[in-house]
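First the structure, in the form of structure tokens, and then the observations on it.
Below, chain A is the first sequence line, B the second, and so on; all start at residue 1. Since this is a predicted model, take the numbers as computed values, not measurements.
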2 protein chains.
Amino acid sequence: MAIKEAVRPGGRSARVQEAVHQAVRELQTAKSREELSVPQIAHKAGVTPSTIYRRWGNLAELLADVSLERLHPDDEPPHTGSLANDLQAWGEHYLDEMTSPTGQCMLGDIMASAERERRQRCYRYNETIMACLRERAVMRGEATPSVEDLMDGVIAPMTYRLLYAPDTATPERLSRWIAQTLSSTDMPG
Amino acid sequence: MAIKEAVRPGGRSARVQEAVHQAVRELQTAKSREELSVPQIAHKAGVTPSTIYRRWGNLAELLADVSLERLHPDDEPPHTGSLANDLQAWGEHYLDEMTSPTGQCMLGDIMASAERERRQRCYRYNETIMACLRERAVMRGEATPSVEDLMDGVIAPMTYRLLYAPDTATPERLSRWIAQTLSSTDMPG
DNA sequence: CTCATAAAGCAAATATTTTGCGTTAGGTAA
DNA sequence: TTACCTAACGCAAAATATTTGCTTTATGAG
């Protein structure tokens, strides 16, 4: 029922987890979400269904687990020289990923998970990115909003629209959110 | 597979739908989400499981359907005399409902649904409320942000936090979002 | 090398979901 | 009213998926 982080890098657990994740990723490219099933994934991964049920609980949790892992940062967002541009560049890339069919599935799988903890990891992940971009700006001596203001002013509207009205999650709106968030930095909160 | 709106008020369909919804609501008060099952709901509602599967597709869609219906407005938000206060009053009530265990389940059920259309209805529902409060303010001659700005400035951070970090969805933050959104009205966008 | 244990396999028992087909309710038009 | 027509339901069998008890295996510790 609880999701285990890879306890030991090279152990059997880790191999099974990787095999199952891999099987999910491969099947996802070939089948729609509705067609995926635990027995099918188990077969492709070369494990027994009961292994998956014992470890992940059900299909939704497994898919969420895979999606969350996929979300993780390969590397640091590119430097552009200003906070506004850093935000815009990172954000456009993120919007691109998350408006795609694949991205929308990832978001959906994560939201479908009952594990509260998993969503909070998404939150902290985005927080980390905002903190990173902000830190750069501080180093350059730019006036910067707090991380919390970046979360509320940029991440929140972006995510809200990605979830509820994906067509309206556009680079143009992103610019606006960034501009407004940064401009409110210059005046009394 | 598709969700039907009550086709005819008094028909058999409508009776079945109401019986099933009612069964869900009653079972939800007694059992945790994990314990609910289609056969169980069907039995309580006095219908066959196949009826539910044919009409709603699966448990997730049924629960989402029930939750969405519950979300709907009994009546217009209270008048307080200013847009800021209208927003604060409505928002606090909304936060109250949605941070409760029941509310969190409702949100979760809706997000777990694969029906994109359903989420868009949530979006439009909130839009309607914002448009209503804004309209009042316009009537009073107040300076008002656009509905879109209210969605991005108030609804988005509120919803984002309700979903990803419910502990941080507080009335204090709400005040801040409202103040910032309204203050940006007074200056060039 | 042996032991202890956590995780996996296996297979039987349950439970859920799908499906084909007969039945019924309720709407429409003669 | 009566005679259809059809969408939605009930029923029960079949197909799938999930759970569970017990056995086996891999791995880390002593």
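Atom CD1 of A/Ile41 is separated from atom C1' of D/dA17 by 13 Å (rounded to the nearest Å). D/dG10 atom C1' lies 13 Å from atom CD1 of B/Ile52, rounded to whole Å. Distance A/Arg12 CZ to C/dT5 P: 16 Å, rounded to the nearest Å. To the nearest angstrom, P of D/dG10 lies 10 Å from CZ of B/Arg55. Spacing between atom CD of A/Gln17 and atom C1' of C/dA8 amounts to 15 Å, rounded to whole angstrom units. Taking atom CG of residue A/Leu59 and atom P of nucleotide D/dA17, one finds them 10 Å apart after rounding to whole Å. Counting to the nearest Å, the C1' atom of D/dT16 and the CD atom of A/Glu35 are 15 Å from each other. At whole-Å resolution of the value, CG in A/Asn58 and C1' in C/dT16 are 14 Å apart.
Remark: B/Thr51 is not in phosphate contact with D/dC9, judged by side-chain N or O atoms under 4.0 Å from OP1 or OP2. The side chain of A/Arg15 contributes no N or O atom lying less than 4.0 Å from OP1 or OP2 of D/dA26.
Comparing C/dA8, D/dC9, C/dT16 against the side chain of A/Val16 picks out C/dA8 as the nearest. Taking the side chain of B/Pro39 as heavy atoms from C-beta on, and the options C/dT16, D/dA8, C/dA7, the nearest nucleotide is C/dT16.
Ring geometry for B/Trp90 against B/Tyr94 counts as parallel: the plane angle stays under 30°, on a 0 to 90° scale with 60° as the upper cut.
Under 3.5 Å, the side chains of B/Gln17 and B/Arg55 contain a donor-acceptor pair of N or O atoms.
Using a 4.5 Å heavy-atom threshold, the side chains of A/Glu76 and A/Cys132 count as touching.
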Stepwise side-chain hydrogen bond (donor to acceptor under 3.5 Å, both in side chains) test for A/Gln22 and A/Arg25: CA-CA 5 Å; A/Gln22 178 66 24; A/Arg25 286 190 295 261; 3.0 Å; yes
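For a distance-only test at 3.5 Å, the side chain of A/Arg54 fails to qualify as a donor-acceptor partner of the base of D/dT19.
When each of B/Glu92, B/Gln88, B/Gln180 is checked for a side chain to side chain donor-acceptor pair (under 3.5 Å) with B/Ser175, only B/Gln88 meets the rule.
Across all strands, B/Ser50 comes closer than 4.0 Å to base atoms (heavy-atom distances).
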